[in-house]
Amino acid sequence: MSNANRNVNTEKLSSARFAEATDAFVEEFTASVGFDQRMARQDIRGSLAHAHMLHSIGILTTEEWAAIEQGMAQIRQEIDRGEFVWSIKQEDVHMNIEARLTDLIGVAGKKLHTGRSRNDQVATDIRLYLRDEIDHIQSGLLRLRQAVLQAAERELDTIMPGFTHLQVAQPVTFGHHLMAWFEMLQRDSERFADCRKRVNVMPLGAAALAGTSYPLDRQLTAELLGFSRPANNSLDAVSDRDFAIEFTAAASILMIHLSRFSEELVLWASAQFDFIDIPDAFCTGSSIMPQKKNPDVPELVRGKAGRVSGHLMSLLMLMKSQPLAYNKDNQEDKEPLFDTADTVLTCLRAFGDMLPHIRAKRDNMRRAALQGYATATDLADYLVRKGMAFRDAHEAVGLAVRLGVDSGRDLSALALDELQAICPVISADVYDVLTLEGSVAARKHIGGTAPDAVRQAIAAARALLQTES
Ligand code: ARG
């Protein structure tokens, strides 16, 4: 392209190395300040720690360090008040803040970048940002798990059908079903805690890629910023985005869990199941059908799971085949990360707000458990206790179920002589196992659906959360 055709920005030269100004479109195309200004507070925090350390090793005078502290305080105020003027001429959050600092305090501002590169700076900012977001997500997860425990306690004795293949399988308690959700959320919390360990490592000191010739005290900077340690290898420090991938992976699994809870709520709220009532505050109506009450909140959470796993794919593909060390590609990591954190936080909030208000329609759940021969396995187990081999018992119960289907009756409604005609070892005590209460109460081992077992699971879960809060 000849200069005549190019829309050249003559106000700014990128550096003395450049003989001509950046093309105006390229300036816009390569700028990230539109989105990375979100990390301004982390950027300032990182710079203040770096300045503190530079002073401690004698590179900044006490006056210069004080000027940087004071300039940064003003910049933070300008940002808080929405008065800071962001400019794409300064490309990104780092250069915008540094340029403003130099405007405000002069030459001391120009010394801040000693022994540092935007490559280690940006990696530090993202890690500080993600560490904060993980902590917020953990609060949301804690609140939701507490709500699940409360609901499980309330629904300890509520009997509902348990499903496999979405066909009625065996009776379970609703409390037990809710505790399955708890387990999923518990693993999510553990995954984020584990991810945080690898987020919490400090890149500063890696500079552009090879480290720096200044005698930086990386240990001090790491301590000032609350990082567990400095990164081990400078090349890896500026290029590593594993921690971002791990974060979106943990977030994706969490969102998949929330989508599964959502799906169950949507099904259960339908007229066909009618197991629960979702309060009006979490539903909306239809613009055309006056009778409709739609479970929008769980539907939307279900939908948002897709975009978060999309972000995981974006980050995986972003890193695929990237040579060491830093590449401009990495600027593309931010928008998926920000949106992942925002989406997860809003979905946790929606679920945490909604769950305590969901009401179980216990009679309907019980009625549904009575349909579909949910106690057939209990009958087979009963026959085994009476001395039959399990496969023979399975066969005999199949005949009993057929009799029930043909005559439109549940197993518990078959007469004793009818059952004995199928299998003579059956006696009157069979009705104890054919009831829903008998069926669930029998599953009282660790992890079972019996109210006693669920009560113990809830107590253990409560003790676990105690250690977290
Ligand atoms: N805006 C850049 C990013 O988000 C900052 C690092 C740029 N480094 C560089 N050498 N161009 O990754």
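Order of listing sets the numbers, starting from 1, for every ligand and every atom in it. When a residue number appears, it is its place in the shown sequence, counting from 1. Note that the coordinates shown come from a computational prediction; the quantities given were computed from them, not determined experimentally.
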Return yes if a side-chain donor-acceptor contact under 3.5 Å exists between Gln42 and Asp132, otherwise no.
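Present: a donor and an acceptor within the cut-off.
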Check: residues 222-230 side-chain donor-acceptor pairs under 3.5 Å, at least two apart:
unit_1: Ser228; atom_1: OG; unit_2: Asn200; atom_2: O; d: 3.0
unit_1: Arg229; atom_1: NH1; unit_2: Asn232; atom_2: OD1; d: 3.4

Between ligand 1 and the protein, find all N/O pairs closer than 3.5 Å and give the distance for each.
unit_1: ligand 1; atom_1: 1 (N); unit_2: Ser32; atom_2: OG; d: 3.2
unit_1: ligand 1; atom_1: 1 (N); unit_2: Asp92; atom_2: OD2; d: 3.0
unit_1: ligand 1; atom_1: 1 (N); unit_2: Gln331; atom_2: OE1; d: 2.8
unit_1: ligand 1; atom_1: 4 (O); unit_2: Lys334; atom_2: NZ; d: 2.7
unit_1: ligand 1; atom_1: 8 (N); unit_2: Asn119; atom_2: OD1; d: 2.9
unit_1: ligand 1; atom_1: 10 (N); unit_2: Asn119; atom_2: OD1; d: 3.2
unit_1: ligand 1; atom_1: 12 (O); unit_2: Tyr326; atom_2: OH; d: 2.5

Set of side-chain hydrogen bond (donor to acceptor under 3.5 Å, both in side chains) partners for Gln170, sequence neighbours left out
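If we apply the side-chain hydrogen bond (donor to acceptor under 3.5 Å, both in side chains) test to Gln170, skipping adjacent residues, the hits are Thr377.
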Below 30° counts as parallel, above 60° as perpendicular, anything between as tilted: where do the rings of Trp181 and Phe351 land?
perpendicular
Pairs where residues 317-344 contributes a residue and the test ring-ring contact (aromatic ring centres under 6.0 Å, His included) is met, not counting sequence neighbours
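Of all non-adjacent pairs touching residues 317-344, those that pass ring-ring contact (aromatic ring centres under 6.0 Å, His included) are Tyr129-Phe338.
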Under 6.0 Å between the ring centres of Trp268 and Phe261?
no
